[in-house]
Amino acid sequence: MNTAQPDDPVLQIAAERWAGLQQEPADAERMAKAVSALKAAEAGVERLAKQQSDGFFDPSFGTHLPRLQVEARAVQAKAQKEVAEATPKQLDVSFLMEDATIRAAWEEAALPLRRDLLRLVLRRVVVTKVRRGYNVFDGDERVEIHWLDSPDPGVSALTPEDLEQAA
C-alpha cells in the first residue's frame, strides 16, 4: 500500500473500505435512508414528467400541475441535501501512504482490527483441498491470494458485446 500513488484506484478502494469501518452504524443507516429517499424523489419527478408527456393530465388539471411539479422538485432537493449531509466528508488515506505508519498500526492492532485491515486490501483467499495421503500443509501450493488490484476470479470477464452475442 505504501508504494501506491495518491490517485491509485486500489488506494481509493482501501480508503473507502476504511471509512466504512470507521463509520458508526447509525451514520450508515442515515446514509442508506437518505439515498433511498433520493431515489424515490427522483422516481417521482420522472413519473410526473412521463405522465405529463403521455397526456395523462387533462387541460382542466393544468392549474394543479405546476404546483405538483414544484412539490416534486422540492422533495428531490431536500433528499439531495440529506444525502450531501450524510455523505462522509473526506477520506483520510495518509496512514496508508507511509510504511512506518502502516507497520505501527499493524503492531498495535488487536486481532479483530488486523482482520479488518486485511479485508481492506484482499479481494479473496482461496484454499484448495489437500490431496489424499498428504498430511503436511503446503501453503504455497494450496493458498491463492487475490489482491484488490487483480481481477476477481469469481466474476466472469464477459463484456457487454459477449452478452449480446449470447442472447
Peer 1: Sequence neighbours excluded, which residues qualify as salt bridge (Lys or Arg N to Asp or Glu O under 4.0 Å) partners of E71?
Peer 2: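 Scan of E71 (salt bridge (Lys or Arg N to Asp or Glu O under 4.0 Å), adjacent residues dropped) gives R67.
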Peer 1: Which heavy-atom pair separates A34 from V83 by the least distance, and what is that distance?
Peer 2: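 Closest pair (atom of A34, atom of V83, distance): O-CG2, 3.3 Å.
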Peer 1: Evaluate whether atom CZ of R73 has more than 12 neighbouring non-hydrogen atoms of other residues, nucleotides or ligands under 6.0 angstrom away.
Peer 2: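 For R73, atom CZ is not crowded (no more than 12 foreign heavy atoms under 6.0 Å).
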Peer 1: For the atom pair CZ (R123) and NE2 (H146), what is the distance rounded to the nearest 0.5 Å?
Peer 2: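 So the CZ of R123 and the NE2 of H146 are separated by 10.0 Å.
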Peer 1: What pairs with K129 under side chain to side chain donor-acceptor pair (under 3.5 Å), at least two apart in sequence or on another chain?
Peer 2: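 Once residues adjacent in sequence are excluded, K129 has no partner under the side chain to side chain donor-acceptor pair (under 3.5 Å) criterion.
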Peer 1: Do E82 and R30 have side chains that approach each other closer than 4.5 Å (heavy atoms only, starting at C-beta)?
Peer 2: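 With C-beta onward as the side chain, the pair stays apart.
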Peer 1: Below 4.5 Å, heavy atoms only, C-beta onward: do V126 and V143 meet side chain to side chain?
Peer 2: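 No, every pair of side-chain atoms sits at 4.5 Å or beyond.
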Peer 1: With rounding to the nearest 0.5 Å, note down the distance linking CD in Q76 to CG in L38.
Peer 2: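 Here the rounded value is 6.5 Å.
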Peer 1: Can you name the residues that form a side chain to side chain donor-acceptor pair (under 3.5 Å) with K33, not counting sequence neighbours?
Peer 2: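 Scan of K33 (side chain to side chain donor-acceptor pair (under 3.5 Å), adjacent residues dropped) gives E29.
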Peer 1: In this structure, would L111 and V125 fall into the same cluster of hydrophobic residues linked by side-chain contacts under 4.5 Å?
Peer 2: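 No, L111 does not connect to V125 through the hydrophobic network.
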Peer 1: Give a yes or no on whether V45 and L68 share a hydrophobic cluster (residues Ile, Leu, Val, Met, Phe, Trp, Tyr; joining criterion: side-chain heavy atoms under 4.5 Å apart).
Peer 2: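 Cluster IDs for V45 and L68 differ.
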Peer 1: Look up atom CG in L122 and atom CZ in R115, then write down how far apart they are to the nearest 0.5 Å.
Peer 2: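 One finds 13.0 Å between CG of L122 and CZ of R115.
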Peer 1: Under the rule for salt bridge (Lys or Arg N to Asp or Glu O under 4.0 Å), what residues qualify as partners of E46, not counting sequence neighbours?
Peer 2: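 Scan of E46 (salt bridge (Lys or Arg N to Asp or Glu O under 4.0 Å), adjacent residues dropped) gives none.
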Peer 1: If the condition is side chain to side chain donor-acceptor pair (under 3.5 Å), which residues does D54 pass it with, not counting sequence neighbours?
Peer 2: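 Testing D54 for side chain to side chain donor-acceptor pair (under 3.5 Å), a comparison that skips the adjacent residues, returns K50.
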Peer 1: Suppose we screen for side chain to side chain donor-acceptor pair (under 3.5 Å). Which residues come up paired with Q69, at least two apart in sequence or across chains?
Peer 2: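 Expected list: Q52.
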Peer 1: Which distance, rounded to the nearest 0.5 Å, do you find between the CD of E141 and the OG1 of T128?
Peer 2: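 Interatomic distance, E141 CD to T128 OG1, rounded to 0.5 Å: 7.0 Å.
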